[in-house]
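First the structure, in the form of structure tokens, and then the observations on it.
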Amino acid sequence: MVRAICLFVLAILVGHSSCQDDEFLYDTFPEGFMWGSATSAYQIEGAWDQDGKGESIWDRFVHDDVPHIVDGSTGDVACDSYNLYQEDVALLKNLGVSFYRFSLSWSRLIPSGDLRHGFNQAGIDYYNNLINELLANGIQPAVTLYHWDLPQGLQEHGGWLNVSVTDRFAEYSDFAFLFFGDRVKTWFTINEPWVQAVQGHGFGDFAPGINQSGILDYQAGHNLILAHARAWHIYDGKYRPTQGGRIGFNMYTSFLEPKTDNPDDVFAAERAMQFLIGWFGHPVYSQDGDYPAVMKEFVAFHSAEEGFPESRLPQFTPEEIAYVKGTYDFFGLNHYTTMLAENGLFPYAPSYIRDGEIIPSFNESWPESAAIWLRVVPWGFRKVLNWVSNEYNGVPIFVTENGYADSPDQIDDVDRVNYYTSYINEMLKAIKLDGVNVIGYTAWSLIDNFEWTAGYTERFGLYHVDFNDPLRPRTPKSSAAFYKQVIADNGFPAPPPKL
Ligand SMILES: *[C@@H]1O[C@H](CO)[C@@H](O)[C@H](O)[C@H]1NC(C)=O
Ligand SMILES: *[C@@H]1O[C@H](CO)[C@@H](O)[C@H](O)[C@H]1NC(C)=O
Ligand SMILES: *[C@@H]1O[C@H](CO)[C@@H](O)[C@H](O)[C@H]1NC(C)=O
């Protein structure tokens with residue numbers, strides 16, 4: 001094992017070097033550690049109705065008469081990556097990444113969402129061109145099948161609330177493996193099912209804008225889990241033997257720190273982890289499958305209290321539990337921030353937050369970002385990596401998103417450089433000091449893009465995009481140079497010279 005060198009001024013002063021939260025670890029990542037960057041189709045492609053693409057729920061949502069996007073913008077053009085993908089690949093090559101995580105637009109490939117109504121050859125051509133351009137530049141494609149842009153045609157039949165969507169997703173996945181799996185060896189089924197369930201069907205602030213927390217979020221979540229398992233089994237049984245790739249789920253994770261050391265708050269924080277990560281993680285990654293026991297118990301309790309005849313949390317049959325359990329090759333982990341959890345009852349019933357009896361908050365001392373939900377808490381990253389590894393028996397973790405939001409048009413983005421420095425270092429500590437098996441890291445995002453309901457008011461890119469210029473020119477930010485150096489060094493090999 002490579003010796004871990006902990007250096008910190010305070011450690012030198014007091015004459016010891018145990019690695020505390022605020023110490024910087026100079027060391028490198030394991031050989032073969034994968035570095036990449038990511039985007040998603042709706043956020044970058046534009047060309048929303050070009051060359052036979054069908055409408056998605058995000059196309060519908062941004063064109064709604066009711067405004068949903070803070071700056072009134074859309075992803076109609078976005079970064080125009082549908083036309084400028086070769087520029088994006090050149091940026092990736094400049095960074096020196098080994099892979100690029102991007103998503104397929106389901107409705108670009110299958111306009112109605114239902115393969116029985118036909119597919120779109122121009123969509124196949126586009127992704128073939130992108131994949132071939134990546135490979136020609138020595139970059140592995142790592143493909144997300146679903147990043148929230150359900151074909152509108154399926155929404156007309158209830159979308160994620162209709163279990164038949166799992167059949168459509170299975171057919172679409174099979175189609176994608178068939179056409180692209182000869183060259184794509186890393187697949188992700190569904191990005192952040194929690195966001196699609198809770199924000200799409202509970203709070204209703206994301207497409208499809210359905211607002212029935214504590215009921216429809218759970219129903220959508222149930223079908224998202226079944227759909228994930230369908231795709232995994234199709235890959236595992238039909239394509240893995242000849243294509244030899246790997247496939248997993250992507251979880252939205254935060255770390256939940258107890259607000260006080262009162263046992264009620266300590267339990268609330270653990271419960272919050274189960275309601276956030278365990279909801280989708282436990283059925284797939286745990287030894288026993290199914291939803292977390294604490295989640296089943298708390299939702300059933302509040303459902304009864306509110307007069308529902310049965311729990312609002314759907315039940316898996318024993319056959320489904322067996323079918324879903326173990327459908328992973330790795331744990332895809334997206335991480336941005338940490339919150340405090342306090343034991344308490346959210347006033348609105350029924351609701352997902354009330355079910356968990358969790359009152360979330362931030363510590364006001366944690367630095368803010370341009371996104372209200374994102375505070376800079378680097379140590380939470382190390383803790384969440386440890387939590388997932390302990391909870392799921394040392395599962396290999398693939399960090400599939402991590403990044404920082406700032407306001408538009410910052411080229412010398414020192415806050416993002418500081419964020420990446422500290423977060424990547426905490427990941428290094430999780431690997432080197434705690435023994436967590438992290439296999440790769442993905443910076444979100446390659447380029448500034450359409451940040452959902454925040455439109456273009458929040459930026460995550462390593463490269464700036466000028467959205468006022470029809471040519472959408474890309475410009476490297478300071479963070480691009482920083483990340484390029486981390487990749488070249490495979491970490492942080494040397495401490496700065498002593499003065
Ligand atoms: C669910 O989907 C099936 C197949 O598309 C359709 O026949 C049925 O009407 C849908 N159910 C609802 C409630 O929309
Ligand atoms: C959801 O419904 C609640 C209660 O009717 C309402 O207060 C809230 O504004 C709604 N939110 C959205 C995003 O529609
Ligand atoms: C908030 O952070 C400060 C500074 O680290 C710390 O002293 C305080 O205990 C924290 N409060 C909570 C509730 O976590």
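Predicted model, so just to flag it, every value in this text is computed and none were measured.
- Donor-acceptor pairing under 3.5 Å is lacking for the side chains of His335 and Ser254.
- Partners of Ala272 by side-chain contact (heavy atoms from CB on, under 4.5 Å), not counting sequence neighbours, listed by chain and number: Leu256, Ala341, Ile358.
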Please evaluate residues Asn94 and Tyr463 with respect to the criterion side chain to side chain donor-acceptor pair (under 3.5 Å), reporting the C-alpha separation (whole Å), side-chain torsions for both, the decisive distance (0.1 Å), and the verdict. CA-CA 11 Å; Asn94 179 54; Tyr463 289 85; 3.1 Å; yes

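- Every side chain to side chain donor-acceptor pair (under 3.5 Å) that Ser365 has, sequence neighbours left out, goes to Asn363.
- A distance-only check finds a donor-acceptor pair linking the side chain of Thr457 to the backbone of Ala454 [under 3.5 Å].
- Donor-acceptor pairing under 3.5 Å is lacking for the side chains of Asn418 and Thr421.
- Sequence neighbours left out, the pairs with a member in residues 433-450 that pass salt bridge (charged side-chain N to carboxylate O under 4.0 Å, His left out) are Arg382-Asp434, Asp448-Arg459, Asp448-Lys477.
- By the ring-ring contact (aromatic ring centres under 6.0 Å, His included) test, His282 is found to be paired with no residue, residues two or more places apart in sequence or in another chain being considered.
- Here Phe381 and Phe255 keep their ring centres 6.0 angstrom or further from each other.
- With ring centers used as reference points, Trp187 lies under 6.0 Å from Phe177.
- Taking the six-membered ring for Trp and the full ring otherwise, the centers of Trp148 and Phe206 sit less than 6.0 Å from each other.
- Ser103 places a side-chain N or O within donor-acceptor distance of the main-chain N or O of Ala41, the cut-off being under 3.5 Å.
- For Tyr42 and Trp106, the distance between ring centers is not under 6.0 angstrom.
- With sequence neighbours excluded, the residues forming a side-chain contact (heavy atoms from CB on, under 4.5 Å) with Val414 are Asp412, listed by chain and number.
- When the ring-ring contact (aromatic ring centres under 6.0 Å, His included) test is applied to Phe331, the partners found at least two apart in sequence or on another chain are Tyr285, Tyr392.
- Residues satisfying the side chain to side chain donor-acceptor pair (under 3.5 Å) criterion with Asn137, sequence neighbours excluded, are absent altogether.
- For Gln140, the side-chain contact (heavy atoms from CB on, under 4.5 Å) test picks out Phe99, Leu135, with sequence neighbours left out.
- Every residue two or more places apart in sequence or in another chain that forms a ring-ring contact (aromatic ring centres under 6.0 Å, His included) with Phe188 is listed here: Phe330, Phe398.
- Asn490 places a side-chain N or O within 3.5 Å of a backbone atom of Phe29 that can act as its donor or acceptor partner.
- No donor-acceptor distance shorter than 3.5 angstrom exists from the side chain of Lys259 to the backbone of Leu340, with no hydrogens or angles considered.
- Between Tyr419 and Tyr423, the angle of the ring planes stays under 30°, which puts this pair in the parallel group of the 30/60° scheme.
- Neither side chain, Asp205 nor His68, offers a donor N or O lying under 3.5 Å from an acceptor on the other.
- When atom types are taken as modelled, the side chain of His228 and the backbone of Pro193 share no donor-acceptor pair closer than 3.5 angstrom.
- In this structure Tyr146 satisfies the ring-ring contact (aromatic ring centres under 6.0 Å, His included) test together with Trp160, sequence neighbours excluded.
- Listed by first then second residue, pairs satisfying salt bridge (charged side-chain N to carboxylate O under 4.0 Å, His left out) with a partner in residues 185-199 number zero, not counting sequence neighbours.
- With Ser56 contributing its side chain and Asp149 its backbone, the two residues share no donor-acceptor pair below 3.5 Å.
- Using modelled atom types, no side-chain atom of Arg240 and backbone atom of Tyr235 make a donor-acceptor pair closer than 3.5 Å.
- Between Tyr483 and Trp35, the ring planes are perpendicular. Angles over 60° get that label, and only those under 30° would be called parallel.
- Aromatic ring centres of Tyr404 and Trp444: separated by at least 6.0 Å.
- A donor-acceptor contact under 3.5 angstrom links the side chains of Ser81 and Asp88, judged on distance only.
- In terms of modelled atom types and a separation under 3.5 Å, the side chain of Thr453 and the main chain of Ile69 share no donor-acceptor contact.
- Cation-pi geometry between Arg416 and Tyr420 is not met: the NZ or CZ atom fails to fall both under 6.0 Å from the ring centre and inside 45° of the normal.
- For the pair Ser369 (side chain) and Arg375 (backbone), a donor-acceptor distance under 3.5 Å is absent.
- Taking the ring centroids of Phe450 and Tyr456, they lie under the 6.0 Å cut-off.
- Under the rule for a side-chain contact (heavy atoms from CB on, under 4.5 Å), Asp261 has no partner lying at least two apart in sequence or in another chain.
- Between Lys432 and Asp27 there is a salt bridge, since at least one side-chain N of the basic residue sits less than 4.0 Å from a carboxylate O of the acidic one.
- The backbone N or O of Gly248 lies less than 3.5 Å from no partner atom in the side chain of Asp329, so there is not a single donor-acceptor pair.
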